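Bear in mind the structure is a predicted one, so any value in this text is a computation, not a measurement.
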Amino acid sequence: MKEGVNEMNNSPLKGIRVLDISTMLAAPWAATHLADFGAEVIKVEHPIYGDHARRYGKQKGNVPLLWKSLSRNKKSITLNLSNEMGQKIIKDQIKHFDVIIENFRPGTLERWGIDYDTLSEINPKVIMLRTSGFGQDGPYANRRGFGTVAEGMSGFTSVNGDETGPPTLPGMPLADGVSGVFGALSIMIALYERSQNESFQGQCIDISLYEPLMRFLEPQLIAYDQLGEVAERMGNGSLQTAPRNAYETKDKKWIALSASAQSIAENLFNAIGRPDLIKDARFATNKDRLKNVDELDQIIGEWIRERNMDDAVNTLNESGAVVGPMYDVKQIYEDPHYIERESFVNIVDEDLGNMKLPNVFAKFSRTPGEVKTTGPQKGEHNEEIFQNLFGFSAEELAELKKKEII
């Protein structure tokens, strides 16, 4: 990080304390976004099994890699929430927290007696984010839900993939990531609303995995509602604008190109030496271009195939077209623009040494976020939190450990 920018006493969420009792990806990601901007996030893990996310994805030796970024800036404690004593501790200590984040199956917290209604009676200011596959009500509420199912049932996979191939799942946890961002946004809205009401009362937030992703399918959904059109897979093309595609270069690399505005399309036509296409009836407007997209893609594709990637990208960008290389992850780490903007942050991890993690998602001019620590060891902060915050003695802590409550 740049000198002078990494002081957390200037963090916008300083003073907000979050209890993260969720597991895996979507809900924990919401907590991480808050932690990146200075909220104190206390992560609760099962004393024996830990968070399932510790076993998700690649490992280096026995060290889980995603965990290091997914749980960054958090403090980890262990607590068996299915145990009566664990539940009592939550109820006793909820007074310390502004936010609690959970993603158990609907009804689980009610069964354990640590649901929102119960906790809000103890601490009326608390805000609870409840993340589940299908939400807290409705006929599917009790179904188990992972991002894969949400990606399918949201309609995303129906428009993703080659037009001649099957519906295609994304190669990353898309639904979880989108739900995590929406979850963090929802918490911030609730925190602002709480600050504006005289009672300083919190509220409960119900978010699913599939509904946030549906917000990105609004063009297709509205077209069906108003026109009865069922969107189909278009590969790298688009039902909304043309040209928009992936094109192979002379050196067997790929570039992505979009001309969604009329002026950009005209810049593109000039760049490839075909200003005549601007007045060509087949390509004069976006509507015309969509009708003749195959022919247009052939014209553009032939021009690009005659050039190496760098030459094509530079020529088109200089002309005012919108184009970029289609990177693999290695190229992402090497791009000089990303390096200059600090899109990755260097941090030292106790297990892995030097790591480059994706940086915070937005750059604040006055109160920036920061990645201070990587994901903690299981229960790393038990003594700090249980003794200094919760008020347990060393003897009481030892007894909880003996009974496997922590």
With the side chain counted from C-beta on, respond yes when [X] and [Y] share a heavy-atom pair under 4.5 Å apart, and no when they do not.
| X | Y | result |
| --- | --- | --- |
| K401 | E404 | no |
| L25 | L70 | yes |
| P243 | L257 | yes |
| S76 | Q377 | no |
| R289 | T241 | no |
| I101 | I187 | yes |
| N270 | I278 | yes |
| V345 | K356 | no |

Flag yes if more than 12 heavy atoms outside [X] fall under 6.0 Å of its [atom1] atom; otherwise flag no.
| X | atom1 | value |
| --- | --- | --- |
| F200 | CZ | yes |
| E218 | CD | yes |
| F146 | CZ | no |
| R105 | CZ | yes |
| E383 | CD | no |
| K363 | NZ | yes |
| E384 | CD | yes |

When the ring planes of [X] and [Y] are compared, do they come out parallel, tilted or perpendicular, using 30° and 60° as the limits?
| X | Y | value |
| --- | --- | --- |
| F390 | F386 | perpendicular |
| F269 | F283 | tilted |
| F344 | Y333 | parallel |

What are the two closest non-hydrogen atoms of [X] and [Y], and how far apart are they?
| X | Y | result |
| --- | --- | --- |
| A256 | M326 | N-CG, 3.5 Å |
| I406 | P47 | C-CB, 3.3 Å |
| I255 | M309 | CG2-CG, 3.6 Å |
| H46 | K378 | O-CD, 3.8 Å |

Under 3.5 Å donor-acceptor, [X] side chain and [Y] backbone:
| X | Y | answer |
| --- | --- | --- |
| Q262 | A284 | yes |
| S179 | D176 | no |
| D349 | M355 | no |
| N73 | E370 | yes |
| D51 | P28 | no |
| D98 | R17 | yes |
| S238 | Q240 | yes |
| N292 | E295 | no |
| R72 | K372 | no |
| E151 | L174 | yes |

[X] and [Y] ion-paired at < 4.0 Å:
| X | Y | answer |
| --- | --- | --- |
| E84 | K88 | no |
| E45 | R54 | yes |
| E40 | K75 | yes |
| D351 | K68 | yes |

Salt bridge (Lys or Arg N to Asp or Glu O under 4.0 Å) evaluation trace for D20 with K43: CA-CA 5 Å; D20 177 10; K43 171 79 178 176; 3.6 Å; yes
Could you go through the side chain to side chain donor-acceptor pair (under 3.5 Å) check for D311 and T315 one step at a time? CA-CA 6 Å; D311 180 30; T315 299; 3.3 Å; yes
Quick one, H337 with E340, criterion side chain to side chain donor-acceptor pair (under 3.5 Å). Give me CA distance, side-chain angles, the key distance, then yes/no. CA-CA 5 Å; H337 179 83; E340 174 67 23; over 6 Å; no
When rounded to the nearest 0.5 angstrom, what is the spacing between CG in D36 and NZ in K74? 9.5 Å
When you measure from the centre of the six-membered ring of W303, is the NZ or CZ of R307 closer than 6.0 Å and no more than 45° off the axis? yes
Are the ring centres of F37 and F361 closer than 6.0 Å? yes
Might you work through the side chain to side chain donor-acceptor pair (under 3.5 Å) test for Q201 and N197, ending with a clear yes or no? CA-CA 7 Å; Q201 184 177 358; N197 71 61; over 6 Å; no
Show the numbers, then the answer: is there a salt bridge (Lys or Arg N to Asp or Glu O under 4.0 Å) between R215 and E211? CA-CA 7 Å; R215 291 301 304 271; E211 286 166 319; over 6 Å; no
N236 meets the side chain to side chain donor-acceptor pair (under 3.5 Å) criterion, sequence neighbours left out, with none
Sequence neighbours excluded - side-chain hydrogen bond (donor to acceptor under 3.5 Å, both in side chains) pairs with any residue from residues 153-173: D162-T164
Step by step, work out the side chain to side chain contact (heavy atoms under 4.5 Å, CB included) result for I347 and L357. CA-CA 8 Å; I347 192 163; L357 301 182; 3.9 Å; yes
